[in-house]
Amino acid sequence: DLAGEMAYAFAKKEDECGFIGDGTSTYGGIVGVTNAVAAGSSYEALAGNTGFETLDLVDFEAVVGKLPQYAENGAKWYISKAGYAASMMRLIDAAGGNTSAQLQGGPSAREFLGYPVVISQVLNSTLGADASAKKLLFGNLKLAATMGRRRGMSVDMADQLYFTTDELAIRGTERFDINVHEVGTASVAGPILLLTTPAA
């Protein structure tokens, strides 16, 4: 149970570093995708679309259209569960043609506009108006970033440290780094794109 909890904590920290890292010590000096992409890899939603609930199909289609052809194979959406329900799921439900069985049972696999949807809870999940915010990602993450492990998860136990109180010390560690190396340029999109909301 404890090893499972440690593995979950490590996975969460890896996601935080890889997606929202800002280069500070909190993220081990790692700059994540949302902070690394250049201006050419960013798309600002249409005016007035300042939240997940107001994002239009046009916004998502524009992001898909901006992705370079070489990054097409393996492209995915990366979004929080709250964001998915308030934007993509809302648009799917409103599109019509859904049967009662589909509405009751839900999709067999999360997809949107023909691309898989990956839920990451470290990404923006703010509902309501959220101006000038980084909301979601789309593209081929394998081409954009590389994760390296110096050492996988290691669990050690010491039975002497807290001998006087009849307790055990258990330590879990790992060593990794993430490098977002393909970010595009000021005018050219890279293999991973960021959708942001406008100021108003």
Side-chain angles (χ1 to χ4, degrees), residues 6-45 52 55 59-84 87-88 109-126 130 132-154 172-199:
M6 289 179 178
Y8 178 83
F10 287 141
K12 184 172 184 289
K13 178 56 74 173
E14 290 168 4
D15 269 9
E16 289 173 343
C17 293
F19 284 119
I20 62 172
D22 59 9
T24 63
S25 59
T26 301
Y27 304 101
I30 296 171
V31 178
V33 180
T34 57
N35 290 309
V37 294
S41 296
S42 183
Y43 171 80
E44 184 176 283
F52 284 118
L55 290 176
D59 294 317
F60 290 102
E61 290 171 340
V63 174
V64 171
K66 190 170 184 174
L67 186 73
Q69 181 64 38
Y70 71 84
E72 176 75 14
N73 187 25
K76 300 176 183 178
W77 298 100
Y78 297 89
I79 188 171
S80 67
K81 187 176 181 182
Y84 169 74
S87 61
M88 296 176 176
R110 286 192 180 101
E111 285 192 353
F112 188 63
L113 298 179
Y115 298 92
V117 176
V118 178
I119 300 296
S120 176
Q121 290 297 81
V122 304
L123 290 171
N124 188 303
S125 60
T126 301
D130 189 26
S132 301
K134 300 167 182 176
K135 302 303 279 185
L136 59 94
L137 295 160
F138 173 71
N140 191 323
L141 198 54
K142 289 183 179 179
L143 296 180
T146 301
M147 178 176 177
R149 290 185 184 277
R150 179 73 178 267
R151 178 169 45 78
M153 190 178 88
S154 174
T173 59
E174 73 166 341
R175 295 183 68 185
F176 71 93
D177 195 9
I178 298 171
N179 181 17
V180 183
H181 46 78
E182 299 298 330
V183 298
T185 68
S187 58
V188 179
I192 191 81
L193 306 177
L194 174 67
L195 187 149
T196 64
T197 51

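Remember, predicted model here, so these are calculated numbers, not experimental data.
- For N179 (side chain) and M147 (main-chain N/O), no donor-acceptor pair under 3.5 Å exists by modelled atom type.
- The side-chain contact (heavy atoms from CB on, under 4.5 Å) search around N140 returns A71, K142, L143, not counting sequence neighbours.
- Around the OH atom of Y8, the shell of radius 6.0 Å holds no more than 12 heavy atoms that belong to other residues, nucleotides or ligands.
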CA sep, side-chain torsions, deciding dist, call: I119, R110, side chain to side chain contact (heavy atoms under 4.5 Å, CB included):
CA-CA 9 Å; I119 300 296; R110 286 192 180 101; 3.6 Å; yes
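- Residues in residues 132-141 take part in these salt bridge (charged side-chain N to carboxylate O under 4.0 Å, His left out) pairs, two or more places apart or across chains: D130-K135.
- Here W77 and Y84 keep their ring centres 6.0 angstrom or further from each other.
- Between S87 and F112 there is no side-chain heavy-atom pair separated by less than 4.5 Å.
- The distance from atom CZ of F52 to atom OG of S80, rounded to the nearest 0.5 Å, is 4.5 Å.
- A75 pairs by the side-chain contact (heavy atoms from CB on, under 4.5 Å) definition with L67, Y115, F138, not counting sequence neighbours.
- If you take OG on S125 and CD1 on I79, they are separated by 10.5 Å, rounding to the nearest 0.5 Å.
- Using a 4.5 Å cut-off on side-chain heavy atoms (C-beta onward), I30 and F176 make contact.
- Checked against side-chain contact (heavy atoms from CB on, under 4.5 Å), P116 has the following partners two or more places apart in sequence or in another chain: K76.
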Before giving the answer on side chain to side chain contact (heavy atoms under 4.5 Å, CB included), spell out for L137 and L123 the whole-Å C-alpha distance, their side-chain angles and the decisive distance to 0.1 Å.
CA-CA 9 Å; L137 295 160; L123 290 171; 4.3 Å; yes
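- A39 and A186 make their closest contact through CB-O, 3.8 Å (heavy atoms, listed as atom of the first residue, atom of the second, distance).
- For residues 9-19, the set of pairs meeting the salt bridge (charged side-chain N to carboxylate O under 4.0 Å, His left out) definition, not counting sequence neighbours, comprises K12-E16, K13-E16, E14-R149.
- For the residue pair A189 and L193, the shortest heavy atom distance occurs at CB-CD2, 3.7 Å.
- Here the closest heavy-atom approach between residue G190 and residue S41 is recorded as N-OG, 2.8 Å.
- Pairing each heavy atom of Y27 with each of G21, the nearest pair is CG-CA, 3.6 Å.
- Closest approach of D59 and L195 over heavy atoms only: O-CD1, 4.2 Å.
- Sorted pairs that involve residues 20-36 and meet salt bridge (charged side-chain N to carboxylate O under 4.0 Å, His left out), not counting sequence neighbours, are lacking altogether.
- Proximity of V33 to L194: side-chain heavy atoms (C-beta onward) are nowhere separated by under 4.5 Å.
- Counting only heavy atoms from C-beta outward, the side chains of V180 and V31 never approach each other to under 4.5 Å.
- Sorted pairs that involve residues 182-198 and meet side-chain hydrogen bond (donor to acceptor under 3.5 Å, both in side chains), not counting sequence neighbours, are lacking altogether.
- E174 CD to F10 CZ: the interatomic distance, rounded to the nearest 0.5 Å, is 5.0 Å.
- Residues meeting the side-chain contact (heavy atoms from CB on, under 4.5 Å) test with R151, sequence neighbours left out: S154, T173, R175.
- Using a 4.5 Å heavy-atom cutoff, the side chains of L141 and Y78 are in contact.
- Here S132 pairs with nothing under the side chain to side chain donor-acceptor pair (under 3.5 Å) rule; sequence neighbours left out.
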